[in-house]
Amino acid sequence: MNCRDLQKGAILVPELPEVETTRRGIAEQIRGCRIEEVVVRNSRLRQQVPGDLDERLRGSTFQETKRRAKYLLLETTAGELLIHLGMSGSLRIVAEEEQQRTHDHVIWFLEGGRQLRYHDPRRFGLVTWAGDDPSQHPLLRDLGPEPLEQEQLGEILFDRSRGRNLRLRDFLLDPKVVAGVGNIYANEAAWQAGIRPDRRCGRISLQRYQRLGESIQDVLSRAVIQGGTTLNDYVQPDGEPGYFQHHFEVYGRAGEACSRCEGLIRRVVKGQRSLFFCSGCQK
DNA sequence: CCCGATTCCTGTAGGC
DNA sequence: TGCCTACAGGAATCGG
């Protein structure tokens with residue numbers, strides 16, 4: 001997808017596939033690396049970055065890098081870090097001589113001269129401690145199921161939607177319902193399943209939810225693969241955060257013809273957010 | 001509990 | 001050219 005294909009002002013946001021791609025991109029790069037120093041250049045993210053990062057992490061070693069929903073969990077021998085990319089965050093591994101950029105808020109100095117940098121212009125993300133039992137951290141405790149690890153995703157969504165009256169898109173965006181689906185993939189999955197994203201979620205049949213569950217998994221897993229191929233963007237000389245390129249069917253394509261039925265793609269703002277759907281084949 | 005509105009923030013684009 | 005405004009969005013929080 002090309003940037004000019006997007007609706008004006010639209011930008012690409014880290015959703016589950018982008019976070020997973022980030023995880024894959026840094027996991028083996030930092031595993032086993034000793035942390036020599038941590039510098040917090042700006043601690044004012046969505047939550048205050050803890051003041052004891054450097055004190056605690058100095059001399060420790062990175063271990064596994066895991067993901068839960070859109071959160072990254074960076075294990076170290078001194079404790080586990082919880083990182084969220086918000087809507088403009090990125091993590092990059094760079095050589096120490098690479099010039100720091102505005103909005104590089106947290107920098108881990110690794111042995112051997114490389115650095116892990118957390119970059120986030122809008123500061124909606126966070127870097128904090130995950131605690132002794134990350135699964136019980138307040139930000140992780142109530143998260144819904146991982147969509148790519150559920151065999152019966154459609155059934156789960158059907159069950160959780162009964163008796164509720166919000167729009168399907170807003171239902172899918174609720175992290176307590178399903179983890180890691182943002183506005184882009186909610187719209188894309190609804191298109192693939194042939195369901196209008198403004199349908200009331202409690203009035204959609206089990207059969208249609210089953211198709212939707214498959215669509216969510218298909219869209220997310222295809223995006224993970226595409227995200228993997230574009231990770232190279234992160235190390236381009238211009239240092240741009242490398243928003244991942246995808247081929248969207250509806251998102252940002254208002255006014256264009258649907259690839260499935262030649263109907264018109266519409267954009268409707270609901271709840272301060274854009275819905276994109278085909279007026280022909282989504283019911 | 002349910003659900004819509006508001007809030008945080010900055011880069012970008014469009015209007016004048 | 002430059003100023004001003006609107007808008008994008010994850011998720012916590014508030015209020016009806």
Side-chain angles (χ1 to χ4, degrees), chain A residues 1-20 22 41-49 67-72 82-91 101-106 118-128 137-144 146-147 157 159-189 197-203 216 220 223 238-244 246 248 250-255 267-276:
Chain A
M1 194 208 66
N2 193 302
C3 279
R4 67 172 185 270
D5 296 330
L6 285 174
Q7 208 69 26
K8 63 173 184 178
I11 63 164
L12 303 187
V13 168
E15 298 191 30
L16 186 151
E18 289 73 24
V19 178
E20 175 62 18
T22 298
R41 300 172 74 217
N42 187 347
S43 64
R44 295 181 55 207
L45 305 182
R46 173 175 135 204
Q47 287 185 4
Q48 183 83 10
V49 178
R67 178 187 61 77
R68 172 77 174 105
K70 298 177 189 173
Y71 292 91
L72 287 165
L82 180 62
I83 295 178
H84 194 286
L85 302 179
M87 63 168 293
S88 61
S90 61
L91 278 171
R101 295 180 297 163
T102 307
H103 309 305
D104 280 345
H105 301 313
V106 184
Y118 176 84
H119 177 93
D120 187 7
R122 298 186 194 175
R123 292 193 275 130
F124 277 23
L126 70 99
V127 176
T128 191
H137 189 284
L139 294 171
L140 304 182
R141 194 176 48 204
D142 301 321
L143 288 172
E146 285 292 324
L157 294 175
D159 289 344
R160 294 189 177 203
S161 64
R162 293 309 92 180
R164 301 192 63 180
N165 195 40
L166 73 170
R167 294 180 193 90
L168 176 63
R169 189 277 312 265
D170 295 333
F171 176 66
L172 295 176
L173 251 53
D174 182 348
K176 295 185 181 66
V177 169
V178 58
V181 179
N183 196 39
I184 293 169
Y185 294 112
N187 278 289
E188 290 296 311
D198 56 350
R199 285 283 307 271
R200 299 290 152 172
C201 68
R203 296 177 160 272
I216 291 170
L220 290 178
D238 63 9
E240 283 303 300
Y243 294 125
F244 300 92
H246 298 295
F248 296 139
V250 287
Y251 191 87
R253 296 191 167 276
R267 171 177 179 264
V268 175
V269 177
K270 290 289 179 191
Q272 319 281 81
R273 270 190 193 124
S274 293
L275 290 168
F276 293 96

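Labels below follow one simple rule: chain letters A, B, ... track the order of the sequence lines, proteins then strands, and each chain is numbered from 1.
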- In whole Å, what is the span from the CZ atom of A/Phe124 to the P atom of C/dA11? 12 Å
- Message: Output the rounded distance in Å from CG (A/Leu72) to P (C/dG10).
- Response: 16 Å
- Query: Once you round it to whole Å, what is the distance between P of C/dG10 and CG of A/Asp174?
  - Reply: 13 Å
- Item | Given B/dC9, C/dA8, C/dA11, the nucleotide with the shortest approach to the side chain of A/Arg273 | C/dA11
- Message: How many whole angstroms separate atom CG of A/Leu173 from atom C1' of C/dG9?
- Response: 9 Å
- Query: Around A/Arg141, counting heavy atoms of other residues, nucleotides and ligands shown, do more than 12 lie under 6.0 Å from its CZ?
  - Reply: yes
- Message: Are the side chains of A/Val106 and A/Ile83 in contact, using a 4.5 Å heavy-atom criterion?
- Response: no
- Message: Distance check needed: C/dG10 P versus A/Leu126 CG, whole Å only.
- Response: 15 Å
- Message: Quick check on side chain to side chain contact (heavy atoms under 4.5 Å, CB included): which of A/Leu16, A/Val178, A/Leu157 does A/Ile216 satisfy it with?
- Response: A/Leu157
- Nearest listed nucleotide, side chain of A/Arg267, among C/dC7, B/dT10, B/dC8: C/dC7
- Using only side-chain N and O atoms of A/Ser88, determine if any of them is under 4.0 Å from OP1 or OP2 of C/dG9. no
- Phosphate contact (C/dG10 OP1 or OP2) by A/Tyr185 side-chain N/O below 4.0 Å: no
- Message: Please tell me if A/His103 has a side-chain N or O lying less than 4.0 Å from either OP1 or OP2 of B/dC9.
- Response: no
- Message: Against A/Tyr118, only a single residue in A/Leu45, A/Asp104, A/Leu126 fulfils side chain to side chain contact (heavy atoms under 4.5 Å, CB included); can you say which?
- Response: A/Leu45
- Item | Student check: side-chain heavy atoms of A/His84 and A/Tyr71 closer than 4.5 Å | yes
- Look at the side-chain N and O atoms of A/Arg123 and state whether any lies under 4.0 Å from the OP1 or OP2 oxygen of B/dT10. yes
- Query: What class does the angle between the rings of A/His119 and A/His103 fall in, given that below 30° is parallel, 30 to 60° is tilted and above 60° is perpendicular?
  - Reply: perpendicular
- Minimum side-chain heavy-atom gap A/Asn187-A/Phe248 below 4.5 Å: no
- Between A/Arg67 (side chain) and A/Ala69 (backbone), is there a donor-acceptor pair under 3.5 Å? yes
- Answer yes or no: does a side-chain N or O of A/His84 lie under 4.0 Å from OP1 or OP2 of C/dA11? yes
- Contacts of type salt bridge (Lys or Arg N to Asp or Glu O under 4.0 Å), residue A/Asp198, not counting sequence neighbours: A/Arg196
- A/Ile184 CD1 - C/dG9 P separation (whole Å): 7 Å
- May I have the distance from A/Arg122 (atom CZ) to C/dA6 (atom C1'), rounded to whole angstrom? 13 Å
- Query: Rounded to the nearest Å, what distance is computed from the CG atom of residue A/Leu16 to the P atom of nucleotide C/dA11?
  - Reply: 10 Å
Review item, nucleotides 12-16 of chain C N/O atoms under 3.5 Å of protein N/O:
none

Write out a two-atom table: protein N or O, nucleotide N or O from nucleotides 2-5 of chain B, distance below 3.5 Å.
residue, atom, partner, partner atom, Å
B/dC3, OP1, A/Asn165, N, 2.3
B/dC3, OP2, A/Arg164, NE, 2.8
B/dC3, OP2, A/Arg164, NH2, 3.2
B/dG4, OP1, A/Arg200, NH1, 3.3

- Flag side-chain contact, heavy atom, 4.5 Å: A/Leu140 against A/Leu82: yes
